[in-house]
Amino acid sequence: MKAIFPVAGFGTRFLPTTKSTPKEMLPIVDKPLIQYAVEEAAVAGITDMIFITGRNKRAIEDYFDRAYELEAELSQKAETTQLEQLRAVIPDGVNFIFVRQGDAMGLGHAVLCGRPAVGDSPFAVILADELLYTVPGTPNASQQLIAAYQHTGQAVVGVGHVLGKAIERYGCVDVLETDAQGIMSLHGIVEKPTHVDAPSQYAAFGRYVFPSVMFDYLAGVKPGRGGEIQLTDAIAALIADHGAVAVNMDALRYDCGTKMGYLEANLDFALRHPELGAGFKAIVEARIAA
Ligand code: G1P
């Protein structure tokens, strides 16, 4: 399977940092956000990572390229740990493909830009600013979606439960019955409804798996909310003809597109970190006690 990572967004919520640094390169403790997304995909067996990029995003291409000078320097100094860390950025057997989205016409348009690179196979879409943590040794979010796709043969939307008005910030799914595998059949999906109009409290959390026919729906959909080509509208059209399912992902989710979610992710990932966790916990506890 291939995966599309739409990374062309401006990251306006993180200005001024994102004036020249892609938001996907912001670190969560010691790795940029995009690396968490790529590692999740690689563990799920995805071999082709397709980035839909834009202006100011060249740092992502450089990050996933070899750094010969740096590697030569580190190996000369026998800095093996750092060398391994550097090489681990690029998982084995993985290809990186970069496509420029010339016009910023929305998430649906970004995904459509990946069509020539995906071709005729099913594909995942991963939004890197939604960081999904799963306990090591359990299936990660992309694995959970791919399993549901293999089980049903239908498009899969990864969702999570949100409280109250929070639903107004997301694509919201209208779900029907849940089967024995915990897969919900999808009746509809709507982009950022008002709280009162929301068909459920289940929000799309940036993970999807689609059959390749999805590209026809993306190509056919009219500009929607905010005048943009919405991924959600194309899913709604796809559901009508082909059906789709939703998976309530078993994962802890951090909305790293917001400052608060980003801080929360850094706090939790630091506390869980094998080398930094204990020392960091002591600092946090001392601060709270003060
Ligand atoms: C996008 C999607 C939305 C989804 C959200 C997840 O919205 O359009 O359906 O729920 O990502 O983060 P955005 O956050 O780009 O406004």
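Start at 1 with the first residue, then count along the sequence. Remember, it's 1-based here, ligands and their atoms both numbered in the order they're listed.
- Residues that satisfy the ring pair (Phe, Tyr, Trp, His ring centres under 6.0 Å) test with F123, not counting sequence neighbours, are F210, F215.
- Where the criterion is an N or O separation shorter than 3.5 Å, residue side chain and backbone included, Y170 fails it with respect to ligand 1.
- A side-chain N or O of Q101 and one of H109 form a donor-acceptor pair less than 3.5 Å apart.
- A donor-acceptor contact closer than 3.5 angstrom links the side chains of D268 and Y254.
- At a threshold of 4.0 Å, the pair R207-E130 does not count as salt-bridged, since none of the basic side-chain nitrogens sits closer than that to a carboxylate oxygen.
- Counting protein heavy atoms only, atom 1 (C) of ligand 1 is closest to L107 CD2, 4.0 Å.
- Looking only at protein heavy atoms, the nearest one to atom 9 (O) of ligand 1 is E191 OE1, 2.7 Å.
- Proximity of a side-chain donor or acceptor of D233 to a complementary backbone N or O of I229 within less than 3.5 Å is not detected.
- Taking a distance limit of 4.0 Å, we find that atom 14 (O) of ligand 1 is approached by no protein heavy atom.
- With sequence neighbours excluded, the residues satisfying ring pair (Phe, Tyr, Trp, His ring centres under 6.0 Å) with H161 are Y202.
- Remark: distances from the non-hydrogen atoms of L127 to ligand 1 include one below 4.0 Å.
- The nearest protein atom to atom 4 (C) of ligand 1, hydrogens excluded, is given as A204 O, 3.5 Å; this is a heavy-atom distance.
- Closest to atom 12 (O) of ligand 1, if we only count protein heavy atoms, is E130 OE2, 2.5 Å.
- In this structure the side chain of F98 never reaches within 4.5 angstrom of the side chain of K57, judged on heavy atoms.
- Those atoms of ligand 1 that come under 4.0 Å of a heavy atom in T232, given as number and element, are 9 (O).
- Residue-to-ligand polar distances place G171 within reach of ligand 1: an N/O pair is separated by less than 3.5 Å.
- Within the listing of ligand 1, atoms 7 (O), 13 (P), 16 (O) sit less than 4.0 angstrom from a heavy atom of K192.
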